[in-house]
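Quick notes on the structure that follows.
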Number of protein chains: 2
Amino acid sequence: MTRTRRARLKVTVAADLVILTIRDGRLNVLVVERANEPFAGELALPGGFLRGGESLDDTAARELAEETGMDAASLHLEQVGVYSAPDRDPRDPRVIASAYLAIAPDLPLPTAGSDARAATWLPVERVRETGLAFDHDEILRDAVELARVKLQFTTLATAFCGAEFTIGDLREVYEVVWGVQLDKPNFHRKVTDAEGFLVATGGKRPTVNGRPAALYRAGPARELTPPMMRPRRATQSA
Amino acid sequence: MTRTRRARLKVTVAADLVILTIRDGRLNVLVVERANEPFAGELALPGGFLRGGESLDDTAARELAEETGMDAASLHLEQVGVYSAPDRDPRDPRVIASAYLAIAPDLPLPTAGSDARAATWLPVERVRETGLAFDHDEILRDAVELARVKLQFTTLATAFCGAEFTIGDLREVYEVVWGVQLDKPNFHRKVTDAEGFLVATGGKRPTVNGRPAALYRAGPARELTPPMMRPRRATQSA
DNA sequence: TCAAAAGTGTTGGGTATACACCCATGT
DNA sequence: ACATGGGTGTATACCCAACACTTTTGA
């Protein structure tokens, strides 16, 4: 597009994944231990390189299927941004990454055996302390922030749940991702009133000691109107 | 990051710019006439290729300065997304583009003489009819939608105005970008009440025939709380 | 009968909308 | 004077946070 034909820089492009789920009341992210240099032995986000005939969305979907064993088409997957600082890879200064956010229900475990990489769930809070390779700390931060915003305006929260879930499950998603306590009665009304957000299956799930909760599945709506309001201040760390 | 060392695909990366401004009460976008194949002679978004030592943000900022003659640091510039469909460039299937949204005040004119490319402002509405090269129609659509959302939750609207502007100018930004009519009194209160959005300069600008309007400049706030509400239905096409 | 979680009712305060009205200036 | 756009006041409706309260189950 420049009229003077300048040598076009060719670069390698990776799709890196921030796969989030909720385990034991905490927000977890899937991380892998790197087998090769650079950063061999350190933790990093899973990812892979763009192949011929693929779009980056395809690359991300393929990697997601490989890492989690789940059908990528059924999971939520969306772009976070491009990370292209010249020094982000200490060996090859010309590797740029397109980051993707994926939301998954609490899987039994990632398919650890199928791939030599040690892929594990770790609480986001802990990962922030120990740190990740490359600029993956920054990517993780941006992806989590995106998830937080998306919860507010879209029906994304259902992607954290399985096919059937209770309103309590859904409320836990919001409380864990936002790190707040929400008022149960108001939350119940809010989500049941939102058109297309939830569809009652008619079933009920018994609780440990309490009234059984009605079961729902995700409705057709993608946008959440009116949006879910975020409390001004966090009440409890989650 | 794959453990089997597969040949890494190398691709060319471009930063394409959606530079928006408001002219004559319409939302305009800067487009260039392509000098080279593919799509020679057709309209396209301005853009340029990533160079050594640059991040894509740098590339976008450099291109913005070249196209508009303005200091890129002072203009709003943010990432829209990555476009990487394998067939998006009919010649080289491996050119991907990172799209950027830039907001500019109504410049006298882009520096047409400095570059052989014919860069001109065109109303977004008209560009939608005539179409752009590559997948730039899609990029334009996404960028405009991003701008619309950002107006709601951030103080981005001031980027459309010059250093000093009236509340009427600011209201026009919202009305043009959203394609709606806003209530003048309520808009005035809303933006003056929002902490950090506007700073009164003390000056006044005479109107053609009416009371002079107070002048403001952009305040330090980046987020707009509470958000600017978007009317349910458009009242007038703009 | 009690504990625990689900779910409903009700109320007060804040925010948006609609619109009447006043202000300041050029012609 | 009057037209024109800037700006203020005010009443109504709606939405949301808070919380009291009822329901339904297991122990």
Side-chain angles (χ1 to χ4, degrees), chain A residues 25 151-153 161 164-176 178 180-195 197-217 223-236, chain B residues 25 151-153 161 164-176 178 180-195 197-217 223-236:
Chain A
L151 279 196
Q152 212 172 341
F153 303 103
C161 304
E164 289 200 335
F165 53 88
T166 69
I167 293 185
D169 295 339
L170 195 65
R171 185 164 46 78
E172 192 195 13
V173 171
Y174 279 92
E175 293 185 335
V176 167
W178 284 353
V180 298
Q181 293 266 111
L182 297 176
D183 183 87
K184 283 194 283 191
N186 292 335
F187 183 86
H188 188 278
R189 251 189 308 267
K190 184 90 184 185
V191 296
T192 50
D193 287 356
E195 201 90 8
F197 193 7
L198 301 181
V199 178
T201 66
K204 293 196 182 293
R205 177 195 297 171
T207 59
V208 178
N209 202 13
R211 174 175 172 175
L215 287 170
Y216 296 84
R217 51 186 173 77
E223 303 222 335
L224 191 52
T225 51
M228 186 74 58
M229 282 308 169
R230 221 163 139 177
R232 307 282 179 262
R233 313 181 311 165
T235 54
Q236 307 249 5
Chain B
L151 280 195
Q152 212 172 341
F153 303 104
C161 303
E164 289 200 336
F165 52 88
T166 70
I167 293 185
D169 296 338
L170 195 65
R171 186 165 43 79
E172 192 195 15
V173 170
Y174 279 92
E175 292 186 335
V176 167
W178 284 353
V180 298
Q181 293 265 111
L182 297 176
D183 183 88
K184 284 193 284 191
N186 293 333
F187 182 87
H188 185 100
R189 252 191 306 269
K190 184 87 185 187
V191 296
T192 50
D193 287 357
E195 200 91 8
F197 192 8
L198 302 180
V199 178
T201 65
K204 292 196 183 291
R205 177 197 297 171
T207 58
V208 178
N209 202 11
R211 173 176 173 175
L215 285 170
Y216 297 84
R217 50 186 174 76
E223 304 221 336
L224 192 52
T225 51
M228 186 73 59
M229 281 310 170
R230 224 165 137 174
R232 307 284 179 262
R233 313 181 308 166
T235 54
Q236 307 250 7

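Here is how names work: the chains are called A, B, and so on, in the same order as the sequence lines, proteins then strands, and each is numbered from 1.
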Short of 4.0 Å, heavy atom to strand atom, which residues of residues 183-195 of chain B count as contacting DNA chain D? B:K184, B:P185, B:H188, B:R189
Remember a base hit wins even if backbone is also touched, and classify B:P206 as base, sugar-phosphate or nothing at under 4.0 Å, heavy atoms. nothing
From CD of B:Q152 over to P of C:dA16, roughly how many Å is that when rounded to an integer? 12 Å
Between B:R230 (CZ) and C:dA16 (C1'), how many Å, whole number? 17 Å
Please tell me if A:R171 has a side-chain N or O lying less than 4.0 Å from either OP1 or OP2 of C:dA6. yes
Can you find a pair of side-chain heavy atoms, one from B:T166 and one from B:T207, that are under 4.5 Å apart? no
Check the distance between D:dT23's C1' and A:I167's CD1 and give it to me in whole angstrom. 15 Å
Does some side-chain heavy atom of B:K190 sit less than 4.5 Å from a side-chain heavy atom of B:F197? no
Whole-Å distance separating the CG atom of A:L170 from the P atom of C:dA5: 18 Å
B:E223 atom CD, neighbour heavy-atom count above 12 within 6.0 Å: no
In this structure, how many angstroms lie between the C1' atom of C:dT15 and the CE atom of B:M228, rounded? 13 Å
Given atom CG of B:L224 and atom P of C:dT15, what is their separation to the nearest angstrom? 13 Å
Rounding to a whole Å, what distance do you find between A:E175:CD and C:dA5:P? 12 Å
Given A:Y174, which of A:M228, A:Q181, A:R230 fulfils the side-chain contact (heavy atoms from CB on, under 4.5 Å) condition? A:M228
Walking DNA chain C from its 5' end, the first of B:P212 and A:D169 to be reached, judged by nearest nucleotide, is A:D169
Heavy atoms of B:L224 and B:L151 approach each other most closely as CD2-O, 4.1 Å
C:dA24, C:dA4, C:dG7: which one has an atom nearest the side-chain heavy atoms of A:N209? C:dA4
Residue that, paired with B:R189, satisfies side-chain hydrogen bond (donor to acceptor under 3.5 Å, both in side chains) out of B:N186, B:T192, B:D193: B:N186
Spacing between A:L215 atom CG and C:dA6 atom P, to the nearest angstrom: 12 Å
Return the minimal non-hydrogen interatomic distance between A:F187 and A:L182, and the atom names on each side. CD1-CD1, 3.9 Å
